[in-house]
Structures are given as structure tokens and as C-alpha cells.
Amino acid sequence: MSFTSKNLNSVQLEAVKSKNQHILILAGAGSGKTRTLTYRIAYLIHEKNVDPSNILAVTFTNKAAREMKERVEKLAKGNLAKLWIGTFHSMFARLLRMEAKALPYGSDFTIYDSDDQVNAIKKVMSMLNIPQQLHSPKLFQARISQAKNKMISPDKLEVKKDDNFDVLLPDVFRRYNEFLHENNAVDFDDLLLLPMQLFNDHPSILKKYHRKFKYILVDEYQDTNKAQYSLIHQLMSKNSHICVVGDEDQSIYRWRGADINNILNFNKDYPEAKVFRLEENYRSNKYILNGAGALISNNTERLGKDLWTNRKDGDPIILMDAENESDEAKKIVENIHKEMFSKKRSFKDIAILYRTNAQSRALEDELRKNAISYAIVSGVKFYERKEIKDILAYLKVITNPRDSVSLRRIVNFPLRGIGETTVGKIEKFAEALNISLLEGMGKVQEVISISSGMANRVLEFYEMINKYQKSSKKISAAELTSSLTHETGIITHLKNEYDQYESESRIDNVYELFSTIEIFSTEREQEKKDSSLSAFLEDVALLSDIDSMNTTRNSVTMMTLHSSKGLEFPVIFITGMEMGLFPLQRNFADNSELEEERRLLYVGMTRAQENLYLSYARSRRRFNNINYTTPSLFLDEIPSEFTEERLAGSSATGKGKSKRHTRRKKLLEYFHQEDESQEEVTSYAIGSRVYHETFGKGEVIGVEGQGDKMKISIKFEGEVYKKLIAQYANLTPIEISD
């Protein structure tokens, strides 16, 4: 193969061939980062004769990992079965199964999805006598996940003693971890925490992986959280090579623990690191690229890139002004029709993005009225459908007999007359003998309080599960699933439980599952990889929204801006460009939060290849109230030379400043400011006291900049520290009496 400028531009080629031990590739949107990363891997194997087993390449979605692997295979043209390439979670799940003997888990551990986690927490709350009516199991699950992402143990949690939920959280967290261990189960966060624990407890195992992984490559480094960052650093020895690829301007997952400082501080971690900037954009036209670049230049948390393109100018960014959300939806549909007729677009060329899922309702109504096919990413996904989750629960119990969450789901499904009272009696019996719930079912005849008739039903269920556990080592995963589904009567249940249309739809889903397992097994066997039932269940557990997206169907794609990352479309509509919605109300005063909102819009804008529409409504119904809105401050940050206005109630269009002055005036009114040209919102001396309607009373401890760019650091009561943008914070000075 040829590693020349015919395949790569000069900067890409230099990054691919770099001999530096530590490399940071700052890859702007649409600049060919996946191409560069895959060529780097292929170069190491093909030109530097690095054994594929000595390379670890991690990313965030199965889709991205699959694309990388396929490209490397085409480039290197060798046996890459030993190459470790996949998502963080899948790679470290693989490592944990390989090293299970050193862990308090069996290699057949179950990976609990979010529903399983919530069910586990419900059980824990029951054990601790915590009523679900008072405290949400989902909130416990979210807070525990946040703590794990930050590597905070139950004993180290900061607890507000006047908050009953906070007081209960450490006990729920601690008992939840114990419950997972008892059930030979882990959650997503454990897939990153357990390897670190393994390496800390067994230095010889860490040394083994130091010797093994000589080259570590990390995609989307800006999205790593504390646990992922720490794990990568743990794997780095003094002789290891690391190459990270990312774009600080596309860091949009702070809410789930991503830390932008990981990429901003890469040179502090590795002072000798070589930095390459990929700045040539191959995706978007000049108007889109320049408009997005001007927007993101308002951020301060960035290393900086100047994207450019050789593509033709194309069409300006369209700013659409609508009367309300229904009018906004109508205008979007009108422009979809125009795109289709004037530029011969297909539905699949078009995506509609929004800040919150609630915005999709009006859009869906209008698309349906106009017979426009659409698909929502993050709707009810295939593996979350009840009939599929029921079958998967059977398969989980067969592979991991200690999984009581899945066992409770299936013990009386389809109905076999085994009620919760009976299960509770068996559970107490099993706890007394220190055995699993399933083992307790095998000894049900020893439970005196259970009648012989009921015991026989339980025993019949137990023996069926036991039979399939033995069969799992003899027959294929697809054969086992088909046989089990028919024997349990699930197909009959689906026929009898629902009307004809719904039953047929659900049964079709079941047969689709059979096909999926068959395809999975066949592909794994061809790749000489694990094709077992356990491997399939792990693959399902680690799927993301984008992984399950159907790219062949001719439909308009609808999704949140967060879901759009990594995708591209000829035409993009971004809706709801209004203050309080985008940026969200809670995020536009805090500087870091506002910058993340701006990055989110930047990501959405740079998904567009040829045409980009940004729409806002003058009023929007929320919570059954009509709210009059103010256009987003972000619209004001996109220079008028890159945009074209389309006004509500008029067919008129025009470039330049036709609407900009009116929007700016409304924005100033929104923040209770009188004059656009004022030097400062007000003066804030260090030590002065202020009041904020969300954070309460606070003291100014720092001031940066002046005028529109003034930022104020404030220490609020309760040791809450915030850096707020003065013109948006709406602070009230507090007079200090003598």
C-alpha cells in the first residue's frame, strides 16, 4: 500500500508517519480524522511491522469502531484478528473476561443495561425499606453513575445532611454494588472501574498489559471522562506510544462526565507531545464552515483551529423566522419539498435536529400530514421492545444463573402461576443457604411453606432453564433462542395477548431477533471470534443509539443534536433557536455551560454538507402555556455575510442585516439591558454581594474582562462556585448595611 500525499493531505501524512512517542491530532469537523487514525494503524502494522496484538485502539461507538476496523483491514490486508479495536466498554469487557480469575466475578458476568440497573436499585430500596413513592430509583441510578464516572466511592460521597435523598445515597450505592456482585453482574461504569481495580490489586497483570499494548490510540479524546482518562494513563508505561485524536470544539458530553480538560491539558500530561492540526474540511460549503467557525470563536475553552475548504461557496445559511412551533414545522416541510424538487434530494439526505426530544411532536405531526417518511433516532429501540427484552432475559439467565434481575422478569412470563409471594419465599430460603435464587428454585421442595403443586411448577421452570444451560454448549445461539422461545410459549402468548396487527408486529420482531443472532454468529465464526450466546448478549448491551440507526431506509432523520455527532447529511435543519431552549435556560449564565451549548450548535451546523437551515419561533407552547420567545444569542454570533433571512408571514428573503438589529434589540430586552453600546453591564467589585434567582446569595471573588465579555466568579452559599457572564447572569446587587 502507498502512504503518499495522493491518499492523504500533507498534515494527515505527517501525523500518520510521525515517530513521536506522544501525538495529539486536533481534527476539526469534517477534516478526515477517521481516515488519519486508520491510516496510522495500518502504517504501524504494514510499514513498521508492529504486531496487531500490540495495538489498542478505542473509540466511543460500535459504528465508529466498525468503520475503523473495516478500513484498517482494507489497508493492511493482513490477519487482524489480534488487533484490539473497539469501544472503551467493549475492549475492557473483553479484558475483564480474560482476567476473571483475578476478580470476584465469573467470566460469564452479565452487563446490566439502564433498565436492569433501575430494577436492581428498586430491589435494593426494598431491602433498605426506602419507599419508591418518596425517592426515584432512576435518580439513585443517575447519581450513582455520576459518582462512578468521577471515581467516587460510596464512602467518599459528599452528603448534604439536610437532604434526605443525599443521606440515603451512600447506603443505596454501597448495597447496589454488593447486589451486582451477588448477581455476577456489572454496569457500564464498572467496565471502566473494575480494570483499574484489577491493575491496582494485581501489578503483575498491569505489567502484562504494559508489555502487550505498545501503541495506544484514542479517538474522540475530548469525550473521555475521568475514569477513561485514568484507565488510559494506567495502561501507559514509559515505553508506550500514545496517539489521541479529538476536537475540543466538539466536546458536548459534560453532562455525562466528559472532561474537556483532558484534551486541553494533553501537552501538560505529555510535554514532549507533537501536535498536528487537521484544518482542511472536506464536508461543508464555505458559508456553513465560516458561519460555524465564527460562532465557535466566541469560546475561550479551546486550543484553536482555522478550518478551510476548497469546496465551492454553495448556498448561505438560511435563518427562518416562524410564528410558532406549528408554523416552524410547516416551513421546514415546505423547504424539504423545495430541496427535493429543485435539487433532486431523497428523504434520507435530510436531517432535522433539535435541542430536546419534546420538540419532535409538532414536527412529526406536519411530516405525517404531508406523507413524508421519517425515522427518529432514540425512539423505542429494537432491543428495548418488551418482547425482545423478555427473550434476552431468558438468555441472560442461561448464561449467568446468578442474575436474579433477569430471573425475576421471566419466572412468571408467560404466565405459569408462579407469583411474587412464592418467589419471595424461595429468595429467603436461598439467602439462608447462601445460594442463588435459581439454585433455590432447584431446591424448592425443601421450602415447607410452598405447596407441592406450586413447587412442581417452579421445579418444571428450573429444569427447563437447566436444560438450556447444558444445550448452550452444544447448539448454536440462534437454534437455542428459537427452540426456547417456542417451548416457553412466547409466540403463542404474543398471538393471544394483542390484536392481529400488534401481535404480527411483535412476532416479526422476535423472528428478526433470531435472524440477528444467526448473522452475528456467522460473522463471528468467519472472523474466528467468540460467537457464543454470552458474546451476543455483550454486543447487545454495548450498543448505542447511533449503532442501531437504519441508514438504508429512505426517511428524513430526526434526532437531538447530541445524537447527531459523527454523522453528516446534505441538508440539515436545526430548530428551536430561542433563548431558554437553545441555549437552555439553565445553561446560558454559567460560562462553561454556555460554551458547551455553543459547541453543541457548532456540532449540529458542521453536520451539514450543502444546505443548513436554522429556525426559531416567535412563540412556543410549553406546559400548556404560550410563551413569547427571544431569538437565540447564537444567531447574533453568526456574521450576516454567511446568512440569508426568511421572515415569518412573508415570502421575502434577503441577505445582510435586515432582521439582525431587531433580534439584537429583543436580546437586550431579554437581559434587561437598555443600550447595546454600553461599556459594562454594571460594576462588580471583588467582595461585593449579589443575588441570583437560582444560586441565591453570593460574594464576588473575581472579575475578568469588561463590557459584553465580562465574567464574574462568585462564591455562593453552600460552597457553590460559579463563573457567570455578567450580561446574561441577571444578578441583583445586595447592599451591605453598616
Side-chain angles (χ1 to χ4, degrees), residues 21-23 41 44-45 48-59 65 79-111 148-156 174 177-178 180-218 221 224-244 262 269-270 272 399-400 402 528-530 532 534-535 538 542:
Q21 186 178 0
H22 308 133
I23 299 170
I41 298 169
L44 291 173
I45 296 169
K48 306 302 289 183
N49 297 315
V50 175
D51 188 322
S53 67
N54 294 143
I55 298 173
L56 171 66
V58 288
T59 186
N79 182 6
L80 301 181
K82 294 181 180 179
L83 176 65
W84 283 55
I85 184 167
T87 64
F88 270 95
H89 293 91
S90 65
M91 290 296 93
F92 289 105
R94 176 180 172 184
L95 187 149
L96 288 173
R97 293 196 194 277
M98 290 173 62
E99 305 296 342
K101 289 181 181 177
L103 290 165
Y105 289 86
S107 61
D108 57 351
F109 61 77
T110 300
I111 301 171
K148 287 188 175 186
N149 277 329
K150 295 176 182 176
M151 299 166 59
I152 300 172
S153 67
D155 298 330
K156 297 291 176 65
R174 195 175 296 108
N177 281 342
E178 292 169 359
L180 289 177
H181 179 234
E182 291 162 5
N183 284 266
N184 192 31
V186 300
D187 60 25
F188 295 121
D189 304 307
D190 290 332
L191 293 175
L192 303 178
L193 296 179
L194 288 174
M196 284 189 275
Q197 180 185 319
L198 175 73
F199 295 150
N200 288 332
D201 294 345
H202 302 276
S204 61
I205 294 178
L206 178 58
K207 286 181 181 178
K208 168 183 165 183
Y209 286 99
H210 279 164
R211 290 191 298 271
K212 178 175 178 59
F213 295 134
K214 296 175 183 176
Y215 290 85
I216 297 173
L217 300 98
V218 186
Y221 194 66
T224 52
N225 61 26
K226 184 175 182 179
Q228 289 157 339
Y229 169 87
S230 301
L231 191 48
I232 290 298
H233 277 258
Q234 210 170 7
L235 281 172
M236 284 288 294
S237 69
K238 64 180 181 180
N239 297 317
S240 301
H241 290 69
I242 187 168
C243 172
V244 305
N262 293 346
D269 292 332
Y270 305 101
E272 303 300 318
T399 57
N400 174 19
R402 286 161 57 186
K528 296 181 180 179
K529 289 185 175 180
D530 185 1
S532 67
S534 178
E538 179 177 306
L542 299 176

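Just so we're clear, the structure is a prediction, and the values are computed from it rather than from any experiment. The analysis underlying the following values was restricted to heavy atoms, covering all of them including side chains, and did not include hydrogens, waters or symmetry mates.
- Under the 3.5 Å distance criterion, the side-chain polar atoms of N400 are matched with a main-chain donor or acceptor of N183.
- A65 and G86 make their closest contact through CB-CA, 3.6 Å (heavy atoms, listed as atom of the first residue, atom of the second, distance).
- With H22 contributing its side chain and C243 its backbone, the two residues share no donor-acceptor pair below 3.5 Å.
- Note on K148 versus D187: salt bridge recorded, some NZ/NE/NH1/NH2 to OD/OE distance being below 4.0 Å.
- With contacts defined as side-chain heavy-atom distances shorter than 4.5 Å, the pair F199/I205 qualifies.
- Exactly one of L191, L103, L96 qualifies for a side-chain contact (heavy atoms from CB on, under 4.5 Å) with V186. That residue is L191.
- To the nearest 0.5 Å, atom NE2 of residue H202 and atom CD of residue E99 are 9.5 Å apart.
- With rounding to the nearest 0.5 angstrom, the OH atom of Y215 is 11.5 Å from the CD1 atom of I45.
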### Query
Could you walk me through whether N200 and Q234 pass the side-chain hydrogen bond (donor to acceptor under 3.5 Å, both in side chains) check?
CA-CA 9 Å; N200 288 332; Q234 210 170 7; 3.0 Å; yes
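- F92 places a side-chain heavy atom less than 4.5 Å from the side chain of L231.
- Within the 4.5 Å cutoff, the side chain of H210 has heavy atoms near those of the L206 side chain.
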### Task
Could you go through the side chain to side chain contact (heavy atoms under 4.5 Å, CB included) check for S153 and K156 one step at a time?
CA-CA 5 Å; S153 67; K156 297 291 176 65; 3.3 Å; yes
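- Residues F109 and R402 form no side-chain contact, since every pair of their non-hydrogen atoms from C-beta on lies 4.5 Å or further apart.
- For the pair F188/L542, a side-chain contact is recorded, criterion being any heavy-atom separation below 4.5 Å from C-beta on.
- Among all heavy-atom pairs drawn from L198 and A102, the shortest one is CD1-CB, 3.7 Å.
- Looking at heavy atoms from C-beta onward, D155 lies in side-chain contact with R174 at the 4.5 angstrom threshold.
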### Message
Is there a side chain to side chain contact (heavy atoms under 4.5 Å, CB included) between S107 and K101? Walk through the geometry before answering.
### Response
CA-CA 8 Å; S107 61; K101 289 181 181 177; over 6 Å; no
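- Aromatic rings from Y270 and H233 are positioned such that their centres are separated by under 6.0 Å.
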### Task
Mind running side chain to side chain contact (heavy atoms under 4.5 Å, CB included) on I216 and H241 for me, showing each step along the way?
CA-CA 6 Å; I216 297 173; H241 290 69; over 6 Å; no
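- Put simply, the side chain of N54 gets close to the backbone of K212: a donor and an acceptor are under 3.5 Å apart.
- Residue T224 holds its OG1 atom at 8.5 Å from CD1 of I232, rounded to the nearest 0.5 Å.
- One finds the CG atom of L44 at 10.5 Å from the CG atom of N49 (value rounded to the nearest 0.5 Å).
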### Task
Starting from the C-alpha separation in whole Å, work towards a yes-or-no answer on side chain to side chain contact (heavy atoms under 4.5 Å, CB included) for V244 and L217.
CA-CA 6 Å; V244 305; L217 300 98; over 6 Å; no
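- Comment: R94 does not engage E538 in a salt bridge, judged by the lack of any side-chain N to carboxylate O separation of less than 4.0 angstrom.
- With a 4.5 Å cut-off on side-chain heavy atoms, M196 and S230 count as touching.
- Taking CG from L83 and CD1 from I41, the interatomic distance works out to 6.0 Å, rounded to the nearest 0.5 Å.
- Rounding to the nearest 0.5 angstrom, the gap separating the CD atom in Q228 from the CE atom in M151 is 11.5 Å.
- Listed here is the closest heavy atom pair of A100 and G106: CB-C, 4.1 Å.
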### Task
Go through the steps for S237 and N239 under the test side-chain hydrogen bond (donor to acceptor under 3.5 Å, both in side chains), then give the verdict.
CA-CA 5 Å; S237 69; N239 297 317; 5.0 Å; no
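- Under the 4.5 Å side-chain criterion, counting only non-hydrogen atoms from C-beta, Y229 is in contact with D269.
- Taking a 6.0 Å sphere around NZ of K529, one finds it holds more than 12 heavy atoms contributed by other residues, nucleotides or ligands.
- Although no hydrogens or angles enter the test, the distance criterion places no donor-acceptor pair under 3.5 Å between the side chain of N184 and the main chain of Y105.
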